Amino acid sequence: MSAVRARVVGSRGAVAMLGIVVLATVSTSFSEPTNAPNVILITLDTTRADRMGFLGSKRGLTPNLDGLASRAMVFEKAYAQAPLTTVSHATILTGTYPQYHRVNDFGSRMGANVPFLPDLLHQHGYRTAAFVGSIILDPRNGLAPGFDRGFDLYDAGYALHQGGRDRFKTVERRADQVVTRALEWFEHNSAYPFFVWIHLYDPHQPYDPPAPYAARFGSDPYDGEIASMDAALGKLFSYLKGHALDSASLIAVMADHGEALGQHGEEAHGIFLYDETIRVPLLLKLPQDRFAGRRVGSPVRLVDVAPTVAEVLGIPVPEEMQGESLLRTLSAGAPARDIYSETDYPKQGFGWSAISSLRAGEYLFVQAPRRELYDTSLDPLAAHNIAEKNAAVADSLAARLASLQKKYSSGTAVDRAPAITPDQKAALAALSSLGYVAHGSDRGRSPVMLADPKDKIPAANELQDATLLVDSNRSAEAIPLLQKVVASDPGIYFAQLELGLAEANRKHYAEAVAPLEKATELMVESAIAQYELGIVLFETGNGKDAAIHLEKAAVLMPESADAHFSLGSVYARIDRVPDAIQQLHVALQIEPTHYRANLLMGRILSLQGNPRDAVPFLKQAAQTQPSSKEAHLFLADAYVQLGMETAAKVERETASHLAPPTE
């Protein structure tokens, strides 16, 4: 028996008798798939617990969630295991800790042998669908590879963001749009049973609530995002009730992590492990509203969600799952749960020290170069570090944390789920527009020399601010901030990358070359650094070197249609036309409706005197982007070559009413 199996079986056996009545009440036999409850898992990105009315907020932001909470079990002290979207969602969906599932950074692949709730339910006859609100959780674009395992439908389809383009058409969708897409699926797939995961990204930076919330919350746009998201959930909840999909369903709602909003000096999330980013809302509406209104005050964890869902459905909980059913908290005498959390983001993104934490009883212990200890019963905001004055307590909790880290790592295999592989680094460009620092490197630093994030948080905030400025097409304002960060530490990969992007956005291509070259030196396998360097080199007239870097980008992003198109485009410009056609074919195999790849392929074929083969590509380009003047003019030229003057006249007439391309 493996160490994981022994631990899980032992811990569950210790409370089995305590929970037998509770589990018998909840886990009614669902041996036939048609009798099984539907499961709706809703994850709220970047949502603080203290904004929820059902957790005591008086701001009035969440009337719809509050209504659901009145019919659900509410967990008043729920905690995330990591303050990053992909890492936390991996924990939610696998019931395992980051040390086990090894999704500890953007682009880390979900291992095929890690237990995965959607796959588990699919194997038990469930229809499965996911509707995610951000490219961060898009498996196709490389930021969440493996997350689509077990799903019949994974609705993502995001594109790399480019400065000046609408982010809501590229890297994220508003909650209302995500819910609308889910409701469209329900219209045709409401036969029992189904598992639907709905992920809403709205409260994430940049805070930009839609009307009327932008005006209503002008001074607090973060709250506006929460209110807007709750309104979208109201539409979902009304649909479920109106279509008799509510009562018999298991509905689980939780945040993946919170948002610092300046507390402890952090503007966003990812660096620290205090309550503002780790404590999360969590509620569980059981079928037939069992245990409605029950409030649980003992600490619980997001790692407990997946085994809870399995247990409610009567499905055997995989022995590899490291969480414990939340239902067992209802039993008198149930043991308290240690709350472990960690973040590798300071190390991966900045080259600083990673940190971890343990919440046990009244204490919060943070393992960092300068360790921290807080008595949260007296200091709920964790403002007074008492580690030095209480060294014995800190030593005890440090040993306990180390033991938990070892235990939660048991059974992992490095070769099962490598942390980062080249083909998983697609779309790291999107991290810029979402305010994240992309995966970096240790830059050869010894662990004992890594900086304490507490000492470096101003640099992280400046970089965060600069990133959002670049994304908002305000590169001129961002450049001084980026230059300041680079001057203080030229070894921060992402600062170099963002400086290069900012210069490129201003069409200062020559100035963009040096920081982008530095970025590729700091992280050779950065697909986006190679890609952007290739683009700016081409813009400076250096097509030969541009092709070299775009070739590297295409290898690092094998499933990116944009990468293959860009390489094909450069090949065409430097008279490597056969190679260009080959890359365009690859791009179109990945994304058959890719506008620019179809346009260029059709034009090349037409210029080669092959209009018959060119027409299907040009027609697809015009269909994909009807406002393209070029597509209609190129199609008219092909029709002329074919002697189809009437069709050519129609295309020219259409083109005459369209604006010329802006790029």
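Keep in mind that what you see is a predicted model, and the values were worked out from it rather than measured.
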Does the distance from a Lys or Arg side-chain N to an Asp or Glu carboxylate O, for D208 and R174, drop under 4.0 Å?
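Salt bridge between D208 and R174, a charged N being under 4.0 Å from a carboxylate O: yes.
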Flag the pair E532 and K552 as a salt bridge only when some basic side-chain nitrogen lies within less than 4.0 angstrom of an acidic carboxylate oxygen.
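The answer is no: the pair does not qualify as a salt bridge.
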So, [X] side chain and [Y] main chain: donor-acceptor pair closer than 3.5 Å or not?
{"X": "N598", "Y": "L588", "result": "no"}
{"X": "N542", "Y": "D545", "result": "yes"}
{"X": "T94", "Y": "A90", "result": "yes"}
{"X": "K454", "Y": "R370", "result": "yes"}
{"X": "S88", "Y": "T85", "result": "no"}
{"X": "S628", "Y": "Q625", "result": "no"}

Taking it one step at a time, do H549 and F538 satisfy side-chain contact (heavy atoms from CB on, under 4.5 Å)?
CA-CA 10 Å; H549 290 283; F538 178 76; over 6 Å; no
Are [X] and [Y] close enough that a side-chain donor and a side-chain acceptor fall under 3.5 Å?
{"X": "Y340", "Y": "E342", "result": "yes"}
{"X": "R48", "Y": "Q263", "result": "yes"}
{"X": "T46", "Y": "H269", "result": "no"}
{"X": "H594", "Y": "D562", "result": "yes"}
{"X": "E372", "Y": "Y374", "result": "yes"}
{"X": "E521", "Y": "Y493", "result": "no"}

Taking the six-membered ring where the residue is Trp, are the ring centres of Y100 and Y408 under 6.0 Å apart?
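Between Y408 and Y100, which both carry aromatic rings, the centre distance is not below 6.0 Å.
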Can the ring centres of Y274 and H264 be said to be less than 6.0 Å apart?
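Ring centroids of Y274 and H264 are less than 6.0 Å from each other.
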Please identify which of these residues, Y201, W197, F147, meets the ring-ring contact (aromatic ring centres under 6.0 Å, His included) condition with H89.
W197
Go through L358 and I339 one step at a time and tell me if the side-chain contact (heavy atoms from CB on, under 4.5 Å) criterion holds.
CA-CA 6 Å; L358 175 65; I339 308 297; 5.8 Å; no
List the steps, then state whether side-chain contact (heavy atoms from CB on, under 4.5 Å) holds for I271 with T343.
CA-CA 7 Å; I271 303 294; T343 177; over 6 Å; no
Cation-pi check, R173 to Y158: give yes when NZ or CZ is under 6.0 Å from the six-membered ring centre and within 45° of the ring axis, no otherwise.
yes
Evaluation steps, side-chain contact (heavy atoms from CB on, under 4.5 Å), between L200 and D45
CA-CA 6 Å; L200 305 180; D45 214 295; over 6 Å; no
Min side-chain heavy-atom separation T277-E266 under 4.5 Å:
yes
